[in-house]
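Down below is the structure, laid out as structure tokens.
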Amino acid sequence: MADAGRNGSRLQEELEELKRLAERVNLEVREEELLREVGYRARSGRCRIKERDVVFIDRKLPLGERLEALANELANYDLEGIYLSPTLRRRLDRRKGKREEAG
């Protein structure tokens with residue numbers, strides 16, 4: 001059980017680092033409860049609001065899924081000149097590689 005706590009703490013640290021990175025590339029991150037109704041399912045993702053890029057993250061998602069949603073959005077940005085921890089650099093590079101293979 002202690003490992004689950006450590007893993008959750010590590011994921012929380014990574015999510016916070018991604019949020020700081022988002023600020024540096026002018027991407028606003030909003031963690032909100034995304035409402036679901038019959039026939040309608042809101043998902044985490046990026047949109048543009050009044051000339052501002054905003055990514056909404058469903059705060060009801062497990063921590064790992066919130067981290068993945070934000071990492072997926074940030075992988076679209078040019079991050080070459082920005083320092084990232086090696087763990088996050090690998091995480092974002094993997095996503096970028098998958099997009100290039102699909103494209």
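Only a predicted model underlies this, so the values are computations on that prediction, with no experimental measurement involved.
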Please find the pair of heavy atoms, one from Leu61 and one from Ser44, that lie closest to each other, and give the distance. CD1-OG, 3.5 Å
Measuring only between side-chain heavy atoms, which start at C-beta, is Leu15 closer than 4.5 Å to Leu11? no
Is it true that Leu27 and Leu88 fall in one hydrophobic cluster, defined by side-chain heavy atoms closer than 4.5 Å? yes
Closest approach of Ile57 to Ala69 (non-hydrogen atoms, all atoms of both residues): CD1-CB, 3.9 Å
Taking all non-hydrogen atoms of both residues into account, name the closest pair between Glu33 and Asp58 and its distance. CA-OD1, 4.1 Å
Identify the two heavy atoms, one from Arg46 and one from Asn76, that lie closest to each other, and give their separation to 0.1 Å. NH2-ND2, 4.1 Å
In this structure, CZ of Arg20 is separated from CZ of Arg24 (nearest 0.5 Å) by 10.5 Å
Which is it for Glu14 and Arg10 under the salt bridge (charged side-chain N to carboxylate O under 4.0 Å, His left out) test, yes or no, and what are the steps along the way? CA-CA 6 Å; Glu14 286 183 39; Arg10 181 183 56 78; 2.6 Å; yes
Please say yes or no: joined through hydrophobic side-chain contacts below 4.5 Å, possibly via intermediate residues, are Val25 and Phe56 part of one cluster? no
Under a 3.5 Å threshold, yes or no: a donor from one side chain and an acceptor from the other, between Ser85 and Glu17? yes
Do Val54 and Leu70 land in one hydrophobic cluster if side-chain heavy atoms of ILVMFWY residues count as linked below 4.5 Å? no
Heavy-atom pair with the smallest gap, counting every atom of Arg48 and Asp53: NH1-OD1, 3.0 Å
So CD of Glu65 and CG of Asn72: to nearest 0.5 Å the spacing works out to 11.0 Å
Hey, quick one: are Tyr77 and Leu67 part of the same hydrophobic cluster, counting side-chain heavy atoms closer than 4.5 Å, chains of contacts allowed? yes
When rounded to the nearest 0.5 angstrom, what distance separates CZ in Arg30 from CD1 in Ile49? 5.5 Å
Could you work out, with side chain to side chain donor-acceptor pair (under 3.5 Å) as the rule, every residue matching Gln12, not counting sequence neighbours? Glu16
Leu74, Val55: one ILVMFWY side-chain cluster at the under-4.5 Å cut-off? yes
Look only at the side chain of Arg52 and the backbone of Asn26, and say whether a donor-acceptor pair between them is shorter than 3.5 Å. yes
Taking all non-hydrogen atoms of both residues into account, name the closest pair between Leu79 and Arg89 and its distance. O-NH1, 3.2 Å
